[in-house]
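Structure first, then comments.
Values below: all heavy atoms of this structure, side chains included; hydrogens, waters and symmetry mates excluded.
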Amino acid sequence: QVQLVESGGGLVQAGDSLRLSCAASGRTLRMYAMGWFRQAPGKEREFVGAISRNGITTSYGDSVKGRFSISRDNAKNTVYLQLNSLKPEDTAVYYCAASFSVYDTTIPSRGSYENWGQGTQVTVSS
């Protein structure tokens, strides 16, 4: 099983940028497609984006397309989420998740993530 730890959250103003990191231990991330999700108070968990094992394929939720981007460095066992043009409605706890995959370029279904981090808080003030 892979352990995931998110970092990089904080309090920023609308329009600012942040980069979140998700560091893995226990297993190499090369065997996992990775996803980012978020959950705001009183709301359901929302899909933010995902990246395939080899980093070639990405997918994003409609609310973040064009503003957020996911990348990964398998040599460092780390996945990143770049958040640009932040809005107050982006305020949430952000979680990374791992889905074991045998395919290099596939994005997993949103319900297939087996491993989750503890989350990092992002707060965007207006």
Side-chain angles (χ1 to χ4, degrees):
Q1 195 168 2
V2 61
Q3 289 80 44
L4 304 172
V5 178
E6 303 93 336
S7 62
L11 172 63
V12 297
Q13 292 186 333
D16 285 351
S17 297
L18 274 178
R19 189 176 80 158
L20 307 183
S21 299
C22 173
S25 61
R27 287 192 175 183
T28 175
L29 271 187
R30 296 178 190 275
M31 298 302 296
Y32 294 85
M34 299 296 296
W36 284 93
F37 295 79
R38 67 186 183 184
Q39 189 165 22
K43 295 187 177 181
E44 293 187 354
R45 187 171 62 197
E46 178 187 12
F47 172 75
V48 174
I51 188 167
S52 61
R53 257 179 30 169
N54 63 1
I56 296 299
T57 308
T58 56
S59 175
Y60 297 96
D62 289 341
S63 61
V64 306
K65 279 181 183 176
R67 299 188 299 122
F68 292 6
S69 62
I70 298 176
S71 60
R72 64 190 298 160
D73 186 341
N74 285 341
K76 294 183 178 180
N77 242 23
T78 302
V79 177
Y80 305 97
L81 178 66
Q82 179 68 40
L83 298 75
N84 296 328
S85 302
L86 281 161
K87 305 175 182 179
E89 51 264 43
D90 295 319
T91 295
V93 178
Y94 284 71
Y95 300 90
C96 69
S99 175
F100 182 81
S101 177
V102 298
Y103 302 109
D104 279 343
T105 59
T106 301
I107 296 294
S109 62
R110 298 176 185 183
S112 64
Y113 292 88
E114 312 99 356
N115 304 280
W116 293 80
Q118 85 290 345
T120 185
Q121 176 72 45
V122 173
T123 303
V124 185
S125 64
S126 58

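Nearest heavy atoms, V2 versus A24: CG2-CB, 3.7 Å. Minimum heavy-atom separation, F47 to S59: CZ-O, 3.9 Å. Heavy atoms only, all atoms of each residue included: A98 and Y32 are closest at CB-CD2, 3.7 Å. Counting all heavy atoms, side chain and backbone alike, Y95 lies closest to G117 at CD2-O, 3.6 Å. Taking both residues in full, the closest heavy atoms of D90 and S85 are given as OD2-O, 4.4 Å, listed atom of the first, atom of the second, then distance.
The neighbour count for R67 CZ, taken as heavy atoms of other residues, nucleotides or ligands under 6.0 Å away, is above 12.
Checked by atom type and distance alone, the side chain of E6 pairs as donor or acceptor with a backbone atom of C96 at under 3.5 Å. Side chain of N77 to main chain of R27: a donor-acceptor pair is present (N/O by atom type, distance under 3.5 Å, no hydrogens or angles). At distances below 3.5 Å, at least one donor-acceptor pair connects side-chain atoms of R72 with backbone N or O atoms of L29. No side-chain donor-acceptor contact under 3.5 Å links S17 to the backbone of N84. No side-chain donor-acceptor contact under 3.5 Å links T91 to the backbone of E89. When atom types are taken as modelled, the side chain of S99 and the backbone of S112 share a donor-acceptor pair closer than 3.5 angstrom. In this structure a side-chain-to-backbone donor-acceptor pair under 3.5 Å is missing from T106 to P108. Judged by distance alone, the side chain of R53 and the main-chain N or O of S101 form a donor-acceptor pair under 3.5 Å. The main-chain N or O of A33 is never found under 3.5 Å from a side-chain atom of S52 such that the two would form a donor-acceptor pair.
Looking only at side-chain heavy atoms (C-beta outward), Y94 and V48 come within less than 4.5 Å of each other.
Note: F37 and W116 have tilted aromatic rings, judged against thresholds of 30 and 60 degrees for the angle between ring planes.
Between the side chains of Q3 and N115, no donor-acceptor pair is found at a separation under 3.5 Å. A donor-acceptor pair shorter than 3.5 Å can be found between the side chains of T123 and Q121.
In the hydrophobic clustering of ILVMFWY residues, with side-chain heavy atoms under 4.5 Å counting as a link, W36 and L18 come out together. M31 and I107 fall into different hydrophobic clusters, where Ile, Leu, Val, Met, Phe, Trp and Tyr residues are linked whenever their side-chain heavy atoms come under 4.5 Å apart, directly or through other members.
Screening residues 39-49 for side-chain hydrogen bond (donor to acceptor under 3.5 Å, both in side chains) gives R38-E46, E46-S63 as the qualifying pairs, with residues at least two apart or on separate chains.
Residues D62 and K65 are paired through a salt bridge, judged by an N-O separation under 4.0 Å between the basic side chain and the carboxylate.
Of the options I70, D73, I51, a side chain to side chain contact (heavy atoms under 4.5 Å, CB included) to Y80 is made by D73 and by none of the others.
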